[in-house]
Amino acid sequence: MLLATIVILIVLLAVAVPVAAVLGLLGLSLSVLYSPMPLSLALGEIAWSASNNFLLVAIPFFVLLGEVMLRTGMAERMYNALVLWVPWLPGGLMHSNIAACAMFSATSGSSVATAATIGTVALKEVEKRGYSERLFLGTIAAGGTLGILIPPSINLIIYGVLTGTSVPQLYLAGFIPGLVLAGLFSLTVLIICLAKPSLGGTLQPSTWSERIAALPDLLPPFVIFLAVIGSIYMGWATATESAAFGVIAALAIALWRRNLSLRTLLEVFEGTMRTSAMILAIMLAAHFLNFVITAIGLTNQINSVITNLGLTPTQLLLAVVVFYLILGMFMETLSMMVATVPVIAPIMFAAGYDPVWSGIIIIILMELAMITPPVGINLFVVQGIRKHGTVNDVIIGAAPFVVTMLMMILILAIWPQIALWLPQLAAVR
Amino acid sequence: QDLPKTHFKVIGLNSPTPVSTVDELPFWRTTIPDASNGSITADITPQDLMGIDEAAGLRLLKLGVMDFAGLDISKMAGDDPRFEGCDLAGLTLTPDEARKACDAYRDVIDQQMQKNWNAKLLAFGGNNPQVFWCRDNISSLEDLRGKKVRVFNNSMRDFLSGVGATAVSMSFAEAVPALSNGVIDCAVTGTLSGNIGGLNEVASTLYAIPLGWSIVIQAVNLNTWNRLDPDVQQFMQDQFRAFEHKMWETVKLTTEEAVNCNTGKEPCTMGKLAQISIVTPGEQDEAARMKLLQDAIIPGWAQRCGAECAQEWNESVGKALGASAPAP
Amino acid sequence: MENVMRGVRRFTRWGYWFGGALTLLAVVVIAVDILMRKFLSVTIGGADQFAGYVMAISMAWAVGGALIDRAHIRIDSLYVLFPRKARLVLDVAAAVLFLAFFAMVAWRGYGVVQQSWQSGTRSQTALSIPVSVPQTIWLLGLLCSVIMGVLMLAYAVWRGLKGDIGAMQRTLSTRSAEEEVEEEIRDIEMRRGREEQG
Ligand code: NA
Ligand code: NA
């Protein structure tokens, strides 16, 4: 059963069937092959309930937020301001890319939106200034993954929903690891550029007055961050609702700056719908697949295999990392989470791992999956914006950051307090 | 004699609830195979693990996606308001009363299920009382005035508007952090499921007026049922009768245990020890509850359910409890 | 046929606008609900359910557009290694399978809507609206999306049969492959231009 599942999955993926259809068809074929019951009859009910689940509403809202920031020029101004502030390190603009990704992550719930937005504004610079294109692309693909670690985060919401863990606690837990990981990304760039200075591009000096003058452009992301995150901890809104506040804040800023025409708004609508329909189609199909693999007992089978291994907690953690590293090569993160977290997370909890901490580890593994080939959504996004060459350049450029992320998991395993300190601080009232 | 070999596909109740872990899973995994000498076996999966929307369970049973199903019927009141008929907010105060109400209503529900849902009712059961978990101290119904309270069905909404509180709808997953951050002041959920779900860490007071029991049913797809050997039918019906009794005993048992857990006393095997002050409603609240029932909750439900339905209710649940629904 | 394809593109764009405007409306409704709840202790009642319906509806109306805009993620690591003709076969297969799955969703979705009509199902919120209303709009969106996808597929195959492989690829292939083709064509034209001059 497990083997058949993997074979069907790989064949459908390899011939480039759209991921949403792959998951749905895999569900249908497994149900035909292994279920005595007509599971496909449930497709309608599952499609409807997955499509109108309020907890997923954050997805289109965050996509909308990212589109507003991109198409009204807010993201570009933010990037240009950061370029003035972080040019002196070896690696120059690549550090700006990471900083911009981290900052944008604080307003965006999605890694795809982060990579797409920063990629769109940053890639204009690459030819101008003679960077190693590969590493430059890698910083965007990897930096973009911060979108789901630094709050707000769609994936943390989904993890919370799947495991019954508090999303606000998860948000607090993601904050410091997000900043640490951004720092490690920068460190990676620094080390590579020190080792091979030719990759670093030409530095462009900026003056202090330029830097001060650019500061107001950093304000809008900050306001949006406050609207989204502040509204949760001030007791105004739930984690899902807060996304709506972010959109309102972004629209208000755009209107105030007179950057929002009807034409722009319609473009925003088009971009939002194109992306959210793509993601939600995957979510819908993943829900159905999850239903089928649970119904035919595959989930239990995997579960008992893992339990019967009798692993120590450390071995278990290692196994989880390897599992997601391999699965993450082939699967899209949202569908992977929906399909695996209900199985994996309880095993980790039973081994004594904290649910909030486990959530952060799984999110970093999801980030990893976004930049590992052959299926890495951020690789595709960056390649999609670049519009020339092959995706292999992005894959090679992002490779060093895979190592960085694995380091980050090791660090979190040694010092879990990096993730747990803030949530514990907040829990003491 | 030996029963013919039979295997069933079952989708069960939400897995974190006692009625699932204590009653339903053991029923299908051990009781039935043992009692039938291994002739009858079943695969059961709790519905939440399959990612099924609670409101969709009955629809899936009708389609024949599973043979048997455990269903949280108050979530299906959108499909037919009768499904909340023996579980209206504040209608019954003890598990025995709730059982009496649902017993009286059995034929009505069974008829509806056979007529509209291609299914047959086999047993009623329940969860712990659905009570108010609050951030601040609540000592009477009056204290709820102006509070924002998370509820999950229409009759609870009627109850809240009757006491002047604001009904907020949100999923249980968001209720714990929302209560912690003050988005809401109270959340209505079971005394044990709230404890298991983490509300005990963010609430200070449990105001123990039962707004229902989250009544569950066990049902079978009619096509499956009619295909069964008469001996198997008889066997299953006997088993379900015992199962029903066990479910109600569990409601009583876990209701007592929930009090232990929430006040930091042993035995507490199913929940987490917590320190919450439990406020029992006083006499004044009892009068207020009766008035709310007569003026708001029963008429509100009768309005949703229609004249014929109200009539049926008066002859069954109403007669058993000494209440009456006005014709809408 | 060209006109049909133009019509399809225009229609899917309207689908985007419809879904986008609804999503923005849901944002506003949720934000207003938050503020009212915070400052007036009143709620609209069912704002979350409304937003959920909006998400289902807008997704259904946009999913076909996303197919036509080739926005659905396809794993092309292996795909790009295939020769051009084989890739076209895979493109057609991918589109057919995608449409087949969503046609199946729509078909089963019809059962959902029918059941809701039959039992007069109402939403379990203060709004208490008949669920069949949002479900019908959702189902119509799915249907239109599938129909638009089929028209696009028919157009692509038609162009392919007429020998216009480029147009077929521009309609169906993954973006990276298409751009490679464009580059090739540009190269060829540039070379041809040079040859003519020289
Ligand atoms: Na983020
Ligand atoms: Na990957």
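Naming convention: chains lettered A, B, ... in sequence-line order (proteins, then strands); numbering from 1 in each chain.
Two rings, from Tyr53(C) and Trp48(A), have their centers less than 6.0 Å apart.
Contact annotation for Ile377(A): only side-chain heavy atoms (C-beta onward) come within less than 4.5 Å of a heavy atom of chain C. Looking at Gln135(C), the atoms closer than 4.5 Å to chain A (heavy atoms on both sides) sit in the backbone and in the side chain alike. For Ala95(C), no part lies under 4.5 angstrom from a heavy atom of chain A. Contacts between Ala60(C) and chain A at a heavy-atom distance below 4.5 Å are absent for every atom of the residue. In this structure, chain A has no heavy atom under 4.5 Å from any part of Ala93(C). Neither the backbone nor the side chain of Leu55(A) has a heavy atom closer than 4.5 Å to any heavy atom of chain C. Only the side chain of Leu251(A) comes within contact range of chain C, with at least one heavy atom under 4.5 Å from a heavy atom of that chain. Proximity to chain A (any heavy atom under 4.5 Å) is shown, for Tyr110(C), by neither the backbone nor the side chain. Using a 4.5 Å cut-off between heavy atoms, Phe50(C) does not touch chain A at all. Contact annotation for Leu28(A): only side-chain heavy atoms (C-beta onward) come within less than 4.5 Å of a heavy atom of chain C.
When all heavy atoms are compared, the tightest approach of Met55(C) to Ala50(A) is CE-O, 4.4 Å. Across Arg108(C) and Ser40(A), no two heavy atoms sit closer than the pair NE-O, 3.4 Å. Closest of all the heavy-atom pairs between Val27(C) and Ala244(A) is CG1-O, 3.6 Å. Nearest heavy-atom pair, Leu35(C) versus Phe245(A), reported as atom, atom and distance to 0.1 Å: CD2-CZ, 3.8 Å. The two residues Phe98(C) and Ala20(A) come nearest to each other via the heavy atoms CE1-CB, 4.2 Å. Ala94(C) approaches Ala16(A) most closely through the heavy-atom pair CB-O, 3.6 Å.
Taking CG of Asp48(C) as the reference point, atom OG1 of Thr240(A) lies at 9.5 Å (rounded to 0.5 Å). Taking OG from Ser242(A) and CD1 from Ile34(C), the interatomic distance works out to 7.5 Å, rounded to the nearest 0.5 Å. If you take CG on Asp69(C) and CE on Met278(A), they are separated by 12.0 Å, rounding to the nearest 0.5 Å. The CG atom of Asn52(A) lies 12.0 Å from the CE atom of Met59(C); values are rounded to the nearest 0.5 Å. Put simply, CG on Leu25(A) and CE on Met104(C) are 9.5 Å apart, with the number rounded to the nearest 0.5 Å. From Trp17(C), atom CH2 reaches atom CZ of Phe269(A) across 10.5 Å, with rounding to the nearest 0.5 Å.
Heavy-atom pairs under 4.5 Å with chain C were tallied for Leu12(A), Asn53(A), Ile59(A), Leu56(A); the largest tally goes to Leu56(A). Across Val17(A), Leu266(A), Thr238(A), the residue that shares the most heavy-atom pairs under 4.5 angstrom with chain C is Leu266(A). Listed options Ala243(A), Gly27(A), Pro373(A), Ala281(A) were ranked by heavy-atom pairs under 4.5 angstrom with chain C; first place goes to Ala281(A). Interface remark: of the candidates Phe82(C), Phe102(C), Trp138(C), Trp138(C) forms the most heavy-atom pairs closer than 4.5 Å to chain A.
Heavy atoms of other residues, nucleotides or ligands lying less than 6.0 angstrom from CH2 of Trp158(C) number more than 12.
Among pairs with a residue in residues 22-45 of chain C, those fulfilling side-chain hydrogen bond (donor to acceptor under 3.5 Å, both in side chains) read Glu241(A)-Arg37(C), at least two apart in sequence or across chains.
Side-chain contact between Phe101(C) and Leu43(A): present, with at least one pair of heavy atoms (C-beta onward) separated by less than 4.5 Å. No side-chain heavy atom of Ile30(C) sits under 4.5 Å from any side-chain heavy atom of Val57(A).
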Exercise. side-chain contact (heavy atoms from CB on, under 4.5 Å) between Met273(A) and Ser58(C): does it pass, once the steps are laid out?
Worked result: CA-CA 7 Å; Met273(A) 282 301 107; Ser58(C) 57; 3.7 Å; yes
Problem set entry | Intermediate values then yes/no, side-chain contact (heavy atoms from CB on, under 4.5 Å), Arg274(A) and Tyr16(C) | CA-CA 7 Å; Arg274(A) 207 177 285 128; Tyr16(C) 286 155; 3.5 Å; yes
